[in-house]
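Notes for the one structure printed next.
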Amino acid sequence: MVLLDIDAGRLTARLVLERPDMVEDVQGGAVTGFVEVARVWALIEPRSFGPEEKGPGLVSTVTHHVTVRARGDLTAGQRFRKGTRFFEIEAVRDPDESGRFRLALCREVAG
């Protein structure tokens, strides 16, 4: 396996890693909220974009590759937050199987 030449100096985006958590609502039920797990430095690379039918109309969907230093607690179903932007993690892998970095395939929806 060839090691990828990932320059840690390119991890310039400061993101908040969040995991889903059930939160009580005002009517005694529960809704899925998110709680902060960690703040990480990342490289965000847009990959594709396109329209998606959602609710009453179309929204644009953009996929990204987000590279972070290796973490054992990074899984699909979590999300990254950057200000008011949210990147839903769909899949995670070790890009060169060296254990140094994790590459997350993320989906950002803007409408």
Side-chain angles (χ1 to χ4, degrees):
M1 176 62 62
V2 176
L3 291 180
L4 294 179
D5 186 21
I6 299 174
D7 178 8
R10 294 182 60 207
L11 306 178
T12 58
R14 191 66 167 159
L15 303 179
V16 177
L17 174 62
E18 299 178 329
R19 66 172 170 75
D21 191 31
M22 296 304 286
V23 179
E24 290 185 21
D25 64 13
V26 294
Q27 297 176 347
V31 295
T32 301
F34 284 85
V35 295
E36 182 175 325
V37 173
R39 293 177 184 257
V40 297
W41 291 101
L43 168 64
I44 303 173
E45 300 174 287
R47 289 295 170 199
S48 68
F49 66 94
E52 180 180 329
E53 184 102 17
K54 196 165 197 173
L58 292 175
V59 295
S60 61
T61 299
V62 182
T63 60
H64 302 272
H65 280 172
V66 177
T67 304
V68 297
R69 290 186 187 275
R71 307 182 52 91
D73 60 349
L74 187 63
T75 62
Q78 295 175 323
R79 72 180 185 187
F80 293 111
R81 177 172 45 89
K82 182 179 182 187
T84 60
R85 297 172 67 191
F86 296 98
F87 303 91
E88 299 168 350
I89 301 173
E90 295 185 338
V92 178
R93 69 182 181 97
D94 184 342
D96 61 1
E97 298 182 4
S98 68
R100 300 175 305 145
F101 296 95
R102 292 292 180 268
L103 178 66
L105 174 61
C106 298
R107 191 167 154 268
E108 178 183 18
V109 177

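Everything quoted here is computed from the prediction, not taken from an experiment.
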Quiz item: Rounded to the nearest 0.5 Å, how far does OG1 of T75 lie from CD1 of I89?
Solution: 7.0 Å
Quiz item: If you round to the nearest 0.5 Å, how far is CD of E88 from SG of C106?
Solution: 9.0 Å
Find out whether [X] and [Y] are in side-chain contact, i.e. whether some heavy atom of one side chain is under 4.5 Å from a heavy atom of the other.
{"X": "L15", "Y": "R39", "value": "no"}
{"X": "R102", "Y": "R93", "value": "no"}
{"X": "L103", "Y": "V92", "value": "no"}

Flag, side chain of [X] to backbone of [Y], donor-acceptor distance under 3.5 Å:
{"X": "T63", "Y": "S48", "answer": "yes"}
{"X": "D94", "Y": "G99", "answer": "yes"}
{"X": "Q78", "Y": "F34", "answer": "no"}

Quiz item: Should the heavy atoms of other residues, nucleotides or ligands under 6.0 Å from CD of E36 be counted, would the total exceed 12?
Solution: yes
Quiz prompt | Crowding at CZ, R71 (>12 non-hydrogen neighbours, <6.0 Å) | solution = yes
Quiz item: Hey, quick one: are V37 and V16 part of the same hydrophobic cluster, counting side-chain heavy atoms closer than 4.5 Å, chains of contacts allowed?
Solution: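 As far as the 4.5 Å side-chain criterion goes, V16 and V37 are not connected within one cluster.
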Quiz item: Does F101 belong to the same Ile/Leu/Val/Met/Phe/Trp/Tyr cluster as V68, with side-chain heavy atoms less than 4.5 Å apart forming each link?
Solution: no
Exercise. Determine, step by step, whether I44 and F87 satisfy the side chain to side chain contact (heavy atoms under 4.5 Å, CB included) criterion, reporting the C-alpha distance in whole Å, the side-chain angles of both residues, the deciding distance to 0.1 Å, and the verdict.
Key: CA-CA 10 Å; I44 303 173; F87 303 91; 4.3 Å; yes
Self-check item: salt bridge (charged side-chain N to carboxylate O under 4.0 Å, His left out) against E18, all qualifying residues, sequence neighbours excluded
Solution: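 Partners of E18 under the salt bridge (charged side-chain N to carboxylate O under 4.0 Å, His left out) test: R79, R81.
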Self-check item: Set of side-chain contact (heavy atoms from CB on, under 4.5 Å) partners for E45, sequence neighbours left out
Solution: R10, L43, R47, H65, T67
Practice problem: Test F80 against V66 for side chain to side chain contact (heavy atoms under 4.5 Å, CB included), laying out the working first. | Solution: CA-CA 9 Å; F80 293 111; V66 177; 3.8 Å; yes
Exercise. Identify the two heavy atoms, one from K82 and one from A13, that lie closest to each other, and give their separation to 0.1 Å.
Key: NZ-CB, 4.3 Å
Quiz item: Is R69 close enough and on-axis enough to W41, meaning under 6.0 Å and within 45°, for cation-pi?
Solution: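 No cation-pi geometry.
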